[in-house]
Amino acid sequence: MSTPAAVKRACDACHRRKVKCDGINPCRNCSTAQLSCTYHAIPQKKGPKGSRAKVISELRETQRHHSSLSSKTANRLNGVHSPPCSPNLAPTPGLLTPDIIKECVDFFFTNMYPNMPILHRGRLDQQAIYADHNPESYTLLTSLCAFMFIQPNMPMVGVTPSNDPFGLDSMPGANIMSGTLLLEETMRVRKSYDHLESPSLSSLVTSFFLFGCYYGLDLHNKAWFQLREATTLAHILGMHKEETYVQWDTIEASRRRRLYWLLFATER
DNA sequence: TTATTCGGAAATTAAAAACA
DNA sequence: GTTTTTAATTTCCGAATAAT
């Protein structure tokens, strides 16, 4: 008779593989599978959020007197159905490869970070692990990569995995094309979640990178719109109030402070 | 056969509501 | 204040699938 007893924390690999983790480092699964056993993922907050999470009350409300309008109401948060709904806002599979992420993140930290020290390398890598199923992390990465591709001194990176049959790697302007592609991907996937009503810092940074993209592409009106959005999100997040910073650890707090400062330096 | 993947059941956790 | 209810998030079982 063994005690099953769920471990309090599964490692990153076991979490992805959905297998039982023994919680030690390195864990048994990682050892046998020759994987490096890490515990980088940041656990999400559990439990209801907002003023009594409203799904069930909405459901009850709509069932009570199911009028023609109630079906419309039911479609609100059940985003997975209804014919005219969601014209595919899911991430494009295979577009944002680990190679591209690595290349762009490296480029950011060597060339852009001195001027905009608004990301933390370790924390960004953690976010990248779950980008597949977290649209906020995904759009942060696509906007970052788009921004990097649009930089004039960015070296050529193949968007297609390895051997490019169209010779894009050697074509001038290919990086701008890739950047524009990723920019469009960001805008599209961003529609799949509400980044304004309960914004995260990732949303804010995404807006800032979008500003950078549009500015680099000489689309100035769109650029200022994104910058304005980023500034507004900063206010919604209370970044102008010192007391909001105490809830963050040193790394996160200084990152937020620098981001806030950069926003206003950029707005001039 | 064994190894891997992944849908989803069960457990865990924390916020909101109800209660004293 | 304490307890109960509710829901978001987690772990990981076990069936399906892939690899050998």
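All values below were derived from every heavy atom in this structure, side-chain atoms included, with hydrogens, water molecules and symmetry-related copies excluded. From a predicted model like this one, the values you see are computed outputs, not experimental measurements. Letters A, B, ... are given to chains in the order of the sequence lines, protein chains preceding strands, and every chain is numbered from 1.
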Pairing partner of dT11(C) (Watson-Crick or G-U wobble, both distances under 3.5 Å) =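 Base partner found: dA9(B).
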request  = Would you classify Cys14(A) as touching base, sugar-phosphate or nothing, given that sugar-phosphate means primed atoms plus P, OP1 and OP2, and contacts are heavy atoms under 4.0 Å?
outcome  =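 The answer is nothing, as Cys14(A) stays clear of every strand by at least 4.0 Å.
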inquiry  = With a 3.5 Å distance limit and no angle check, can you tell me whether Arg255(A) reaches the backbone of Ile118(A) through a side-chain donor-acceptor pair?
reply    =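 Yes.
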inquiry  = For the backbone of Cys14(A) and the side chain of Asn29(A), can you confirm whether one donor and one acceptor N or O come within less than 3.5 Å of each other?
reply    =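 Not at all, since once roles are kept as given, no pair shorter than 3.5 Å links the two residues.
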Whole Å only: how far is the [atom1] atom of [X] from the [atom2] atom of [N]?
X	N	atom1	atom2	value
Gln44(A)	dT9(C)	CD	C1'	8 Å
Arg17(A)	dA15(C)	CZ	C1'	17 Å
Lys8(A)	dA11(B)	NZ	C1'	15 Å
Asp22(A)	dC12(C)	CG	C1'	13 Å
Gln34(A)	dA3(B)	CD	P	14 Å
Arg28(A)	dC12(C)	CZ	P	14 Å
Asn29(A)	dT2(B)	CG	C1'	15 Å
Lys46(A)	dA16(B)	NZ	P	17 Å

ask   = Ignoring hydrogens and angles, does a donor from either the side chain of Lys18(A) or the base of dG8(B) sit under 3.5 Å from an acceptor on the other?
value =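 Answer is yes: a donor-acceptor pair is held.
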task = Run the salt-bridge test on Arg190(A) and Glu136(A) with the 4.0 Å N-O cut-off and return the result as yes or no.
result =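 No.
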request  = Let me know, please, whether Lys45(A) or Ala33(A) comes out on the 5' side of the other along DNA chain B by nearest nucleotide.
outcome  =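 Of the two residues, Ala33(A) wins.
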query = Can Phe107(A) and Tyr113(A) be said to form a side chain to side chain contact (heavy atoms under 4.5 Å, CB included), step by step?
reply = CA-CA 9 Å; Phe107(A) 187 84; Tyr113(A) 186 83; over 6 Å; no
query = OP1, OP2 of dT10(C) versus side-chain N and O of His15(A): anything below 4.0 Å?
reply =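 Answer no for this pair, as no side-chain N or O of His15(A) is under 4.0 Å from OP1 or OP2.
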